[in-house]
Amino acid sequence: EADIYQTPRYLVIGTGKKITLECSQTMGHDKMYWYQQDPGMELHLIHYSYGVNSTEKGDLSSESTVSRIRTEHFPLTLESARPSHTSQYLCASSESGTGTYEQYFGPGTRLTVT
Amino acid sequence: KNQVEQSPQSLIILEGKNCTLQCNYTVSPFSNLRWYKQDTGRGPVSLTIMTFSENTKSNGRYTATLDADTKQSSLHITASQLSDSASYICVVSDRGSTLGRLYFGRGTQLTVWP
């Protein structure tokens, strides 16, 4: 079991609310990622970070934002939730370098916006 | 366009039987291919990683093969157990960026019946 944690695991929230999904890892990994996954569909990268104070947008356009103030912490924020944001959000981390490094995934946050 | 296609989309087998899942990809330049197991409501967990020079890798009852010439991979599960019921995701990494971008298939949903 990887040492990467996500909270909350499930969240049901009304339209217009601001939410923050938490992700923490204790492996000291520099690289961290956020993916979005709808049922039966592939994972899509929405944000990633190479390290502290580094954040980039991924392949899938997302209205969410991220921050990386500490190595172990990579929270994702939605300023105003909408029903279209309903999805599963997965956080992952990996080592840096030129080798083939494993990506370790957290358990995910299932978000429902009503 | 870099893509990963998996077949079948879903599969039902009886406990104790073997099965083989398929993955075709067009990702280039190729770096490595990974198979993940994702239980319902959980994050993916790595089963195997294979680089260009490897054509087979085993992890217990899971054996992955890779044909880099035809850009095909398979995951063979031996003596299936009820706990094997999950989505199996093929993931291909390119080496065209420092991020080592991952391209995800939609997964094969395996159900093992007693």
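Within every chain, numbering begins at 1; the chains are lettered A, B, ... in the order of the sequence lines, protein sequences first and strands thereafter. None of these values were measured; they are calculated from a predicted model.
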Exercise for the section: Anything in residues 46-70 of chain B with a heavy-atom distance to chain A below 4.5 Å? Please list those residues in order. Expected result: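 Against chain A, the residues of residues 46-70 of chain B that fall inside the cut-off (heavy atoms, under 4.5 Å) are B:Ser46, B:Ile49, B:Thr51.
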Would you mind checking which part of [X] comes under 4.5 Å of any heavy atom in chain B, side chain (CB onward), backbone (N, CA, C, O), both or neither?
X: A:Gln88; value: side chain
X: A:Glu56; value: neither
X: A:Leu43; value: both

Practice task
Taking the six-membered ring for Trp and the full ring for Phe, Tyr or His, determine whether the centres of A:His29 and A:Tyr101 are under 6.0 Å apart.
Solution key: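 No, ring centres 6.0 Å or more apart.
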Exercise for the section: Select one option (side chain, backbone, both, neither) describing which atoms of B:Gln9 are under 4.5 Å from chain A's heavy atoms. Expected result: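 Neither part; nothing is under 4.5 Å.
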Exercise for the section: Check each atom of B:Tyr36 against the heavy atoms of chain A and say whether the ones under 4.5 Å are side chain, backbone, both or neither. Expected result: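 Side chain only.
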Exercise for the section: Consider only side-chain N and O atoms of B:Thr26 and B:Tyr103, and report whether a donor and an acceptor are under 3.5 Å apart. Expected result: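 Note: B:Thr26 and B:Tyr103 side chains miss the donor-acceptor criterion.
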Exercise for the section: Go through the side-chain N and O atoms of A:His73 and A:Glu22 and say whether any donor and acceptor fall under 3.5 Å apart. Expected result: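 Short answer, yes.
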Within the distance-only criterion (no hydrogens, no angle test), does the side chain of [X] pair as donor or acceptor with the backbone N or O of [Y] below 3.5 angstrom?
X: A:Arg82; Y: A:Gly16; value: no
X: B:His76; Y: B:Cys19; value: yes
X: B:Asp94; Y: B:Pro29; value: no

Problem - A:Thr86 and A:Thr112: CA distance, side-chain angles, deciding distance, side-chain hydrogen bond (donor to acceptor under 3.5 Å, both in side chains) verdict - result: CA-CA 5 Å; A:Thr86 295; A:Thr112 302; 5.2 Å; no
Handout entry: Winner by heavy-atom pair count (cut-off under 4.5 Å) against chain A, out of B:Gly41, B:Gly43, B:Gly105
Key =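 Heavy-atom pairs under 4.5 Å are most numerous for B:Gly43.
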Exercise for the section: Check whether any side-chain heavy atom of A:Tyr89 sits under 4.5 Å from a side-chain heavy atom of A:Ser64, and report yes or no. Expected result: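 Result no, sub-4.5 Å side-chain heavy-atom pair not found.
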Handout entry: B:Ile77 vs B:Ile13 side-chain heavy atoms within contact, under 4.5 Å
Key =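 Answer no - side chains too far apart.
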